[in-house]
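Atoms within a ligand are numbered from 1 in the order they appear, just like the ligands themselves.
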Amino acid sequence: MSAGKKKKLDHIVEVEPRTESPPGMTIEIGSEQGIQKCGLVAIVGFPNAGKSTLLNALVGEKIAATSPIPQTTRTCIQGIVTEPRGQLILCDTPGLHRLHHAFNQLMVMTAKESILAADVVVWVVGLSPLPSKTDVDRMKRILSPILGDKPLVIAATRMDRPGGQGMIPELLEVESWGIPAEIVPISGLKKINLERLKDLLFTLVPKGKPFFDAEWYTNQSIRQLAREFIQEKIFRLLRDELPHQSAVMIEEFVEPEPPDSITRITGSIFVERPSQKAIMIGQGGDRISEISEAARKDIEKLIGGKVFLRMEVRLSPGWREDPRKLRELGYMPES
Ligand SMILES: Nc1nc2c(ncn2[C@@H]2O[C@H](COP(=O)(O)OP(=O)(O)OP(=O)(O)O)[C@@H](O)[C@H]2O)c(=O)[nH]1
Ligand SMILES: [Mg+2]
């Protein structure tokens with residue numbers, strides 16, 4: 001089942017994709033007129049920088065999980081922004097982090113592949129706290145060999161935070177990298193300066209007709225979004241390493257058939273050890289109920305109907321190193 005189809009949003013204007021503009025119709029795109037733009041934009045950065053918050057804000061819909069815990073995003077999630085001037089296909093990526101497990105390697109590979117595939121790269125940097133010099137140097141080492149001549153935009157986010165306002169860190173020193181970059185201070189959370197960022201992205205992406213129909217806002221299926229929302233609740237409601245050691249799988253997704261009006265979803269949460277299973281379930285099932293209830297509300301909002309969500313906690317020792325399990329979970333491509 002496809003998710004991305006929309007309920008109309010105010011800011012999304014219908015365009016006829018892949019057709020010529022009617023004669024005489026003028027479309028504003030920066031300084032160019034009458035030409036549509038369409039391109040792939042990779043949103044990259046270190047874990048917890050604010051990438052997924054930015055994606056959701058630009059698209060105007062919740063599609064990517066966000067949480068204060070690093071490494072919340074595990075796959076590339078596309079969000080689509082369509083306007084009369086064209087289409088931005090935005091790809092939220094896992095944070096670039098050190099490689100502990102096969103699973104982490106897959107996450108980082110996904111992010112790097114998104115950079116390689118993109119027309120424009122947005123590096124999201126939190127202004128508060130500022131990145132360390134070491135982090136900036138690390139990003140330079142990651143980006144320099146794979147960026148090529150792609151335009152780089154630095155979205156300096158969290159400008160809503162005290163001390164963040166107007167602070168463009170000298171630390172970044174992008175000029176000295178030999179990579180031309182534009183810096184745009186923004187707040188994904190408070191939606192500050194996002195129009196400026198979008199203007200810049202529409203200027204930088206190549207000319208082209210929209211790839212997706214105007215009513216699409218993501219490439220994710222409802223099943224995938226349901227999983228994303230459940231995983232988000234685990235990140236938000238549990239602490240320490242447990243969120244990283246868990247993985248969600250949707251086992252069954254049954255759309256309602258009249259007169260039934262309830263979507264029925266069955267899912268599993270895999271953990272690595274029996275002690276983790278006990279924590280995930282909680283006293284008398286408190287914790288798993290809390291996770292399911294919060295996720296159910298998000299899924300109901302998404303589909304605009306009632307949902308019955310049943311979650312089971314199961315053991316899968318070493319899933320982060322097991323190619324078969326990683327494939328089954330959809331984190332590793334079928335070979
Ligand atoms: N104050 C403030 N907080 C923000 C802003 N953007 C993101 N945050 C918060 O920062 C935390 C991390 O945000 P995410 O969007 O999940 O970060 P991410 O870069 O996607 O993280 P990973 O997926 O783990 O790599 C969340 O608690 C957000 O609410 C912002 O503009 N201002
Ligand atoms: Mg994220």
Within 4.0 Å of some non-hydrogen atom of Thr157, the atoms of ligand 1 are 31 (O)
Is the contact between Ala64 and ligand 1 made by the side chain, the backbone, both, or neither, using heavy atoms and a 4.0 Å cut-off? neither
Do Ile279 and Val271 come within less than 4.5 Å of each other through their side chains, counting heavy atoms only? no
Contact atoms of ligand 1, heavy-atom distance to Pro47 under 4.0 Å: 25 (O)
Ring centers of Phe235, His244 separated by less than 6.0 Å: yes
What atoms in ligand 1 come closer than 4.0 Å to a heavy atom of Pro68? 27 (O)
Backbone, side chain, both or neither: what part of Gln71 comes under 4.0 angstrom of ligand 1, heavy atoms only? backbone
Looking at ligand 1, does any of its N/O atoms fall within less than 3.5 Å of an N/O of Lys51? yes
Atoms in ligand 1 flagged as close to Ser187, the criterion being non-hydrogen separation under 4.0 Å: 30 (C), 31 (O), 32 (N)
With a 4.5 Å cut-off on side-chain heavy-atom distances among I, L, V, M, F, W and Y, is there a chain of contacts connecting Trp319 to Leu238? no
Do ligand 1 and Arg158 have nitrogen or oxygen atoms that lie under 3.5 Å from each other? yes
Side chain of Glu232, backbone of Thr66: donor and acceptor closer than 3.5 Å? yes
I want to know if ligand 1 touches Ala65 in the polar sense, i.e. an N/O pair below 3.5 angstrom. no
Would Thr110 and Glu113 count as a side-chain hydrogen bond (donor to acceptor under 3.5 Å, both in side chains) if you check the C-alpha gap in whole Å, the side-chain angles of each, and the deciding distance to 0.1 Å? CA-CA 5 Å; Thr110 302; Glu113 280 170 357; 5.3 Å; no
For Asp160, the atoms of ligand 1 under 4.0 Å from one of its heavy atoms are 1 (N), 2 (C), 30 (C), 31 (O), 32 (N)
Mind checking whether Leu189 has an N or O less than 3.5 Å away from an N or O of ligand 1? yes
Within 45° of the ring axis of Tyr331 and under 6.0 Å from its six-membered ring centre, is that where the NZ or CZ of Arg227 lies? yes
The Mg ion (ligand 2) to nearest N/O/S of Asn48 less than 2.8 Å: no
Measuring from atom 7 (C) of ligand 1, which candidate in Thr53, Asp92, Val44 has the nearest non-hydrogen atom? Thr53
For Arg161, the ligand 1 atoms with a heavy-atom partner under 4.0 Å come out as 1 (N)
Do Ile69 and Ile269 share a hydrophobic cluster, counting only Ile, Leu, Val, Met, Phe, Trp and Tyr and linking them when any side-chain heavy atoms are less than 4.5 Å apart? no
Under a 4.0 Å N-O cut-off, is there an ion pair linking Lys297 with Glu300? no
Take a 6.0 Å sphere around CD of Gln71 and say whether it holds more than 12 heavy atoms from other residues, nucleotides or ligands. yes
Under 4.0 Å from a heavy atom of Gly95: give me the atoms of ligand 1 that qualify, with their elements. 25 (O)
Does Lys190 NZ have over 12 foreign heavy atoms under 6.0 Å away? no
Ser52 and ligand 1 - part of the residue with a heavy-atom distance under 4.0 Å: both
State plainly whether one hydrophobic cluster holds both Val136 and Val125, where clusters connect Ile, Leu, Val, Met, Phe, Trp and Tyr through side-chain heavy atoms under 4.5 angstrom apart. yes
Ala49: heavy atom below 4.0 Å from ligand 1, yes or no? yes
Ile69 to ligand 1, any heavy atom closer than 4.0 Å: yes
Would one find an N, O or S atom of Thr73, in either backbone or side chain, under 2.8 Å from the Mg ion (ligand 2)? yes
Using a strict 4.0 Å cut-off to heavy atoms of Pro70, name the atoms of ligand 1 that fall inside it. 24 (O)
Exactly one candidate in Arg314, Arg264, Arg310 meets salt bridge (charged side-chain N to carboxylate O under 4.0 Å, His left out) with Glu251; the answer is Arg314
